[in-house]
Amino acid sequence: MQLAVFALFALLSLVSAVVVVAHKNAVYSTMSLVVVLVSSAALFVLLGAPFIATLQVLVYAGAIVVLFLFVIMLLNLGRENATGEAEAPRGSGQKWGTILGAGVFAGTLLALIWRTYGSDSLEPLQAEAVATKPLATLLFSNYILAFEVIGLLLLVAVVAASVVARRVGSAGEAEAEKEG
Amino acid sequence: MSVDLTAALLKIALFLAFFLGTLAPIMVWVERRACALIQDRPGPNRLGPWGLLQPLADALKFIFKEDITPTEVEKPLFLLAPVLAMLPALSTFVVLPFGPPIEVGGRVHNLVVADVESGVLLFLALSSLGVYALVSAGYSSNNKFSLLGSIRASAQLISYELALTLAVLGVLLPVGTFRLDAVVAYQQEHLWNAVPQAIGFLVFLVAMFAETNRTPFDLPEAESELVAGYHTEYSAMRFAAFMAAEYINMAALSALCATLYLGGWKLPFLNPPSGPWALTALVSFSGLAVKVILFMCLFVWVRWTLPRFRYDQLMRLGWKVLLPLSIVNLLWVAVATLQGWM
Amino acid sequence: MVPISYYLLLAGMLFIIGTLGALTRRSGITIFLSIELMLNSVNLTLIAYSRLLGDRMGQLIVLFVMAVAAAEAAVGLALFIAIYRHRHTIDLNRLNLMRW
């Protein structure tokens with residue numbers, strides 16, 4: 001039963017991951033990324049992390065990827081040539097080099113996983129292993145500094161993003177000044 | 001079939017019968033009649049007493065109309081979008097508790113479909129996926145109005161989700177868990193949350209209107225400037241799917257609001273009878289239903305009395321008013337909880 | 001019980017697909033999406049190991065990764081908007097002003 005659920009979502013995420021990378025239209029890529037994220041969330045539940053799974057859907061799929069879609073539609077990058085994908089392909093040497101490199105990397109990874117294969121003996125999940133409270137206790141005791149730093153990082157990112165994306169010296173800003 | 005599966009299916013059937021079979025048609029009628037009442041005209045009154053059969057006629061019309069797929073649309077996304085709208089709408093109610101635990105055949109059942117620990121978060125997560133329907137509908141329609149509608153929708157939903165989530169956090173803080181049945185139990189011992197957290201309630205209410213794209217926040221589908229926004233190109237059943245999803249979303253968010261702020265399924269001074277379990281379940285469910293219907297009437301009343309916001313006003317309200325207000329509410333709740341006032 | 005090595009294998013494959021995308025595509029947005037894919041596969045690995053070792057540290061790191069991804073997405077997309085305003089393209093091969 002668990003294996004069937006795993007197989008379903010693993011297959012779903014692999015196929016959608018290929019679509020993310022291979023599709024010419026950025027909107028389809030982004031929508032496929034949502035499928036990958038949601039099926040990963042399902043796998044998180046299988047692995048006994050329902051809280052992280054919920055956050056994955058809420059934060060990742062529900063907010064971050066919507067931001068991607070917003071920018072794609074704002075700049076109208078879906079159908080246009082602005083992404084450059086429709087133009088003549090670049091020298092194929094670079095592409096083959098990349099694929100070769102990825103292959104070597106994949107081989108190494110497979111070998112590593114193969115060596116560890118069979119060493120995992122899982123006990124059935126306990127109720128307290130799934131609970132959210134111990135996670136919160138850990139986060140707000142041992143890792144409180146990391147938590148605060150992440151908060152600061154987000155603040156910096158927000159300020160940076162709004163400064164970078166601002167229209168400099170254009171009509172929009174003058175209007176905003178007048179209004180403000 | 002196992003007992004758990006049967007129980008879950010029964011609960012799902014109860015919710016679906018209420019949302020799809022009862023609430024949606026009645027609300028269509030209330031919407032049209034109340035609109036007529038406010039605009040001082042009779043409204044639909046030909047079919048059945050007071051036009052009560054009008055929703056049936058509307059539904060039949062939607063089913064038998066020709067389903068048009070324009071030639072220039074992005075077909076896969078265009079066909080997928082109504083499904084994407086219905087899926088999150090029909091799945092959010094699973095975490096809503098609708099009664100006290102009942103005992104059937106020696107087993108205690110909690111009256112909630114999915115009894116999970118991160119209940120509220122799951123609700124918010126599922127409902128946040130609804131934006132993809134709007135975005136893919138608008139984008140795939142290959143139409144400037146629709147595209148504008150979905151750009152507005154994505155920005156609006158993200159902005160108001162922040163305030164909504166922060167308001168919800170205020171409710172969860174004194175309770176100390178994400179479980180909604182704990183929130184209901186907490187409100188039975190204390191005041192309804194709408195009283196001590198009046199600011200949070202207000203923020204939630206306004207954000208709720210924005211999240212369901214209802215007037216005064218219906219900019220993604222503003223008919224006077226964007227034709228019909230993201231669903232301009234849809235017809236027949238696909239259009240009906242969008243409309244039904246909107247109503248179900250309203251009902252689900254109303255139910256969440258009632259659970260978080262107005263005591264959930266518990267009506268004041270009335271306890272569900274402790275007789276046979278089916279009676280208990282039905283009576284407590286109708287407690288929740290009454291509150292949902294009250295909220296739906298509020299939705300209709302507001303829709304036909306308030307004009308639409310301008311886009312910059314919408315963004316200003318979301319970021320400069322609601323977000324700070326919800327933070328103030330969170331701070332007040334935190335202090336009150338620490339001091340033991342709550 | 002699904003063996004942990006299956007999860008690791010899946011995460012490895014996702015990571016490789018993401019790497020390929022980030023290295024071979026030239027649209028800035030798609031490269032960005034590929035990076036998100038890689039981050040997600042790392043998250044899967046972390047959760048899998050957290051399950052294997054019975055240690056919550058892995059889940060916490062996933063929380064941090066999500067926050068960093070949010071920050072990264074905000075700044076990155078803002079950069080794309082700014083670049084698009086000046087160059088009307090986000091084809092990374094044509095943004096070669098700083099190339100010698």
Side-chain angles (χ1 to χ4, degrees), chain A residues 2-3 6 10 13-14 17-18 20-21 26 29-30 33 36-37 40 43-44 46-49 52 55-56 59-60 64 67-68 71-72 74-75 77 82-85 90 95 98-99 102 105-106 109-110 113 116-117 120 122 129 134-135 138-139 143 146 150 153-154 157-158 160-161 164-165, chain C residues 1-10 12-14 16-21 23-30 32-34 36-37 40 43-44 47-48 50-52 54 56 59-60 62-64 66-71 73-75 77-82 84-85 88-91 93-94:
Chain A
Q2 274 209 10
L3 195 63
F6 172 80
S13 59
L14 275 180
V18 172
V20 171
V21 173
S29 291
T30 318
L33 185 68
V36 177
L37 293 173
S40 306
L43 295 180
F44 290 178
L46 273 188
L47 284 168
I52 303 287
L55 276 191
Q56 163 111 342
V59 177
Y60 232 128
I64 300 180
L67 211 60
F68 277 92
V71 169
I72 291 172
L74 195 70
L75 306 183
L77 297 177
T83 53
E85 298 292 349
R90 80 181 85 160
K95 199 163 216 163
T98 318
I99 291 177
F105 182 65
L109 207 62
L110 276 180
I113 291 173
T116 51
Y117 180 77
D120 49 339
L122 286 180
L135 196 65
L138 196 61
L139 177 61
Y143 299 100
I150 288 281
L153 173 74
L154 283 173
V158 167
V164 169
Chain C
M1 276 289 117
V2 185
I4 290 294
S5 43
Y6 287 17
Y7 290 99
L8 297 182
L9 202 60
L10 173 66
M13 289 197 228
L14 286 178
I16 290 161
I17 295 173
T19 322
L20 269 179
L23 292 180
T24 56
R25 299 298 301 262
R26 48 212 287 199
S27 145
I29 290 274
T30 316
F32 216 149
L33 290 175
S34 305
E36 295 290 326
L37 202 60
N40 184 56
N43 282 354
L44 189 56
I47 300 266
S50 143
R51 169 82 172 88
L52 179 67
R56 286 163 194 287
Q59 299 189 19
L60 276 191
V62 173
L63 277 186
F64 294 148
M66 277 183 204
V68 172
V75 177
L77 291 173
L79 279 176
F80 281 144
I81 292 182
Y84 189 84
R85 273 207 188 111
H88 293 285
T89 178
I90 54 162
D91 178 354
N93 278 24
R94 284 209 262 153

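Being a predicted model, the structure only gives us computed values, none of them experimental. To find a chain, count down the sequence lines: A is the first, B the second, and so on, and within it residues start at 1. As a basis for the values below, the full set of heavy atoms in this structure was taken, side chains included, without hydrogen atoms, waters or symmetry mates.
- Counting only heavy atoms from C-beta outward, the side chains of Glu36(C) and Leu37(A) never approach each other to under 4.5 Å.
- Interface remark: Leu33(A) contributes side-chain atoms only to the contact with chain C (heavy atom separation under 4.5 Å).
- The candidate with the highest count of non-hydrogen atom pairs below 4.5 Å against chain C, out of Leu46(A), Leu139(A), Val20(A), is Leu139(A).
- Within the 4.5 angstrom heavy-atom criterion, only side-chain atoms of Ile150(A), from C-beta onward, approach chain C.
- When each of Leu79(C), Ile81(C), Ile47(C), Val75(C) is checked for heavy-atom pairs under 4.5 Å with chain A, Ile47(C) comes out on top.
- Taking every heavy atom of both residues into account, Ala17(A) and Leu14(C) meet most closely at CB-CD2, 3.5 Å.
- Leu75(A) approaches Tyr84(C) most closely through the heavy-atom pair O-OH, 3.4 Å.
- Ranking Leu9(C), Val68(C), Thr19(C), Leu33(C) against chain A, the residue ahead of the rest is Leu33(C), based on heavy-atom pairs under 4.5 Å.
- In this structure a side-chain-to-backbone donor-acceptor pair under 3.5 Å is present from Arg85(C) to Ala165(A).
- Pairing each heavy atom of Phe32(C) with each of Ala73(C), the nearest pair is CZ-CA, 3.9 Å.
- The shortest heavy-atom contact between Gln59(C) and Gly48(A) is NE2-O, 3.9 Å.
- Using cut-offs of 30° and 60° on the angle between ring planes, the pair Phe6(A) and Tyr7(C) is perpendicular.
- Of all the listed residues (Asn43(C), Leu63(C), Leu37(C)), the one sharing the greatest number of non-hydrogen pairs under 4.5 Å with chain A is Leu37(C).
- Contacts between Val62(C) and chain A at a heavy-atom distance below 4.5 Å involve the side chain alone, from C-beta outward.
- Here Leu135(A) is the residue among Leu138(A), Leu153(A), Leu135(A) with the most heavy-atom pairs under 4.5 Å with chain C.
- Between chain C and the options Leu43(A), Leu74(A), Val59(A), Val158(A), the largest number of non-hydrogen pairs under 4.5 Å is found for Leu43(A).
- At a 4.5 Å heavy-atom cutoff, the contact between Val71(A) and chain C is made by side-chain atoms alone.
- Per-residue counts of heavy-atom pairs under 4.5 Å with chain A were compared for Gly18(C), Ala82(C), Ala48(C), Ala71(C); the largest is that of Ala71(C).
- If you measure heavy-atom distances from Tyr60(A) to chain C, the contacts under 4.5 Å come from the side chain alone.
- Ala70(C) is linked by a side chain to side chain contact (heavy atoms under 4.5 Å, CB included) to Ile64(A), Leu154(A), counting only residues two or more places apart in sequence or in another chain.
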